[in-house]
Amino acid sequence: MSKISIKKMDLYYTDFHALKNINMEIQANEITAFIGPSGCGKSTLLKSLNRMNDLVEGCRISGDILLDDEDIYDNDYDVNLLRKRVGMVFQSPNPFPMSIYDNIAYGPRTHGIKSKAKLDEIVEKSLRGGAIWDEIKDDLKKNALRVSGGQQQRICIARALAVDPEVLLMDEPTSALDPISTAKIEDLVQELKKKYTIVMVTHNMQQATRVSDKTAFFLTGEVIEFGNTEAMFSMPQDKRTEDYITGRFG
Amino acid sequence: MSRITRFAVKLSAFLTFGILFFIIGYILLKGIPYIKPSMFEFEYTTNNVSMFPAIVATILLVGLTLLVATPIGVFTGFYLVEYAKKGSKLVELIRIATETLSGIPSIVYGLFGMLFFVIKLKFQYSLLAGTLTVSIMVLPLIIRSTEEALMSVGNGLREGSFALGAGKLRTIFRVVLPVAMPGILSGLILSIGRVIGETAALMYTLGTATKIPDGLFSSGRTLALHMYILSSEGMHVNEVYATGVILVIIVLLLNGLSTYLGNKLTKGR
């Protein structure tokens with residue numbers, strides 16, 4: 001059974017048909033990469049998976065998105081619980097302007113954890129999970145805005161891990177970072193897939209080949225091709241995919 | 001040509017600064033020699049020309065005005081930025097209303113306050129009528145600064161909070177408000193400044209009694225009003241300057257505080 005299945009999904013921003021008839025099965029403990037030129041709907045689909053699109057006015061969705069066989073767009077579905085299960089890391093690091101500790105503890109506190117000992121434990125575990133514990137363990141009281149961009153992004157990953165999600169959505173998590181930080185995050189993502197299902201939008205095709213198991217190629221709101229990363233990059237089935245990955249456009 | 005422009009620009013800058021300096025210096029020079037301990041006696045008489053009752057009335061008026069106007073103004077700002085649909089008719093209407101309110105001369109507020117609060121609602125010249133009148137007057141200022149403070153909070157922070165499964169209220173109180181707080185506070189301080197400096201809107205609503213107000217329905221006079229009346233009576237011109245010194249000091253302190261908080265806002269991001 002797949003972790004997330006998307007069935008006959010269409011999405012409109014008011015009159016603009018942004019996603020057209022999307023069908024996709026996302027497997028647990030795999031990294032699925034979304035690639036394609038700008039404005040093709042990758043991020044839009046990603047944001048549909050934890051209903052962040054609810055915040056966009058005029059956004060309408062038809063079709064089904066199932067998480068563990070439950071329709072997440074069902075009226076009775078608890079959006080806050082969904083977002084706890086499906087965590088998200090954004091394109092530019094967005095730590096809250098508070099201490100590193102409070103950043104990580106924000107999510108667990110939101111979901112009702114008050115015990116100091118328990119929070120301490122979660123903070124350490126999450127920061128270790130984000131591969132940043134060793135660098136900042138003595139600076140937990142420091143404002144999270146005062147560390148480097150790469151560290152901020154790993155804090156944001158740790159923050160997402162702190163609510164114990166099942167799926168992790170990453171929207172071009174390395175596009176604002178330098179190559180060294182990027183390499184650290186790519187290694188981290190490999191590590192994280194043992195526990196989490198990861199969906200990642202990337203502009204960088206080398207990154208997709210380096211980290212992902214499956215790749216979906218998007219073009220003007222449609223999924224042109226979806227399959228094993230290796231197969232797709234060595235032998236694309238569609239002419240347009242081939243053109244894109246060989247760098248003829250985009 | 002560029003030399004003339006540069007000269008004109010420098011001159012304007014110098015004039016602006018110089019005029020401010022001149023006014024403050026003039027008031028200080030004229031006023032400080034006449035500040036006497038007797039001016040701070042508990043009761044006003046024509047002999048001591050005490051400004052103490054006026055100081056108390058000013059503090060009471062400012063406190064009550066903040067009590068009335070802060071919740072209304074701040075919540076309106078929150079509604080406009082965080083809750084209302086962008087570009088809805090109601091938002092437009094509230095924006096037009098606040099902009100119009102902020103353009104009305106204060107004497108018109110005074111007239112309205114007199115006709116409505118003092119006469120129609122029979123509040124008499126009172127702290128209550130004065131408070132309500134200046135509350136309406138500073139409302140646009142508070143709404144505007146709250147809006148701006150909230151809009152300056154990056155959307156990434158809100159999204160980050162929602163993405164962790166936090167609800168709207170928690171996001172606003174835990175993430176947005178702490179960042180917006182300095183901006184909101186500096187707006188409040190500016191409105192305090194306006195209340196302290198106001199005369200026209202208060203003369204016919206708060207009244208001009210010289211005693212310390214002993215209740216909501218009691219009249220009084222604020223420092224600015226006190227100055228205005230003393231100088232129009234023409235008997236105590238030196239004491240007017242002395243009172244002016246105290247008023248100027250208070251306003252300068254408040255403006256300094258507002259700038260300081262404003263700077264903190266921009267640094268916090």
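Lettering follows sequence order; numbering is per chain, from 1.
In this structure, the separation between CZ on A:Phe96 and OG1 on B:Thr171 is 7.5 Å, given to the nearest 0.5 Å.
Listed by sequence position, A:Thr110, A:His111 are the residues of residues 110-117 of chain A in contact with chain B, using a 4.5 angstrom heavy-atom cutoff.
Between A:Pro95 and B:Leu157, the closest side-chain pair of non-hydrogen atoms is not below 4.5 Å.
Shown here for A:Tyr106 and B:Ala166, the closest heavy-atom pair between the two residues is OH-CB, 3.8 Å. Contact detail for A:Arg83 and B:Phe162: the closest heavy-atom pair is CD-O, 3.0 Å. Between A:Phe90 and B:Gly160, the closest heavy-atom pair is CE1-CA, 3.8 Å. The minimum heavy-atom distance between A:Pro97 and B:Val179, with the atom names listed, is CG-CG2, 3.3 Å.
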Check residues 102-109 of chain B and write down every donor-acceptor pair under 3.5 Å in which the side-chain atom is one partner and the other belongs to a residue at least two apart or another chain.
residue, atom, partner, partner atom, Å
B:Ser102, OG, B:Thr98, O, 3.4
B:Ser102, OG, B:Glu99, O, 2.8
B:Ser106, OG, B:Glu198, OE2, 3.0
B:Tyr109, OH, B:Leu101, O, 2.3

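For A:Lys193, the NZ atom is densely surrounded, since the number of other residues' heavy atoms within 6.0 Å is greater than 12. Within 6.0 Å of the CZ atom in B:Phe173, the count of heavy atoms belonging to other residues, nucleotides or ligands does not exceed 12. Summarising the local packing, OH of B:Tyr83 is surrounded by more than 12 heavy atoms from other residues, nucleotides or ligands at distances under 6.0 Å.
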Query - Chi angles and distances behind the side-chain contact (heavy atoms from CB on, under 4.5 Å) call for A:Lys84, B:Leu164 - result: CA-CA 6 Å; A:Lys84 178 184 178 300; B:Leu164 288 166; over 6 Å; no
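At a 4.5 Å heavy-atom cutoff, the contact between A:Arg109 and chain B is made by backbone and side-chain atoms alike. Using a 4.5 Å cut-off between heavy atoms, B:Arg174 touches chain A through backbone and side chain atoms alike. Heavy atoms closer than 4.5 Å to chain B are found in both the backbone and the side chain of A:Arg159.
Per-residue counts of heavy-atom pairs under 4.5 Å with chain A were compared for B:Glu159, B:Arg170, B:Lys85; the largest is that of B:Arg170. The candidate from A:Arg51, A:Glu57, A:Gln91 with the greatest count of non-hydrogen atom pairs under 4.5 Å with chain B is A:Glu57.
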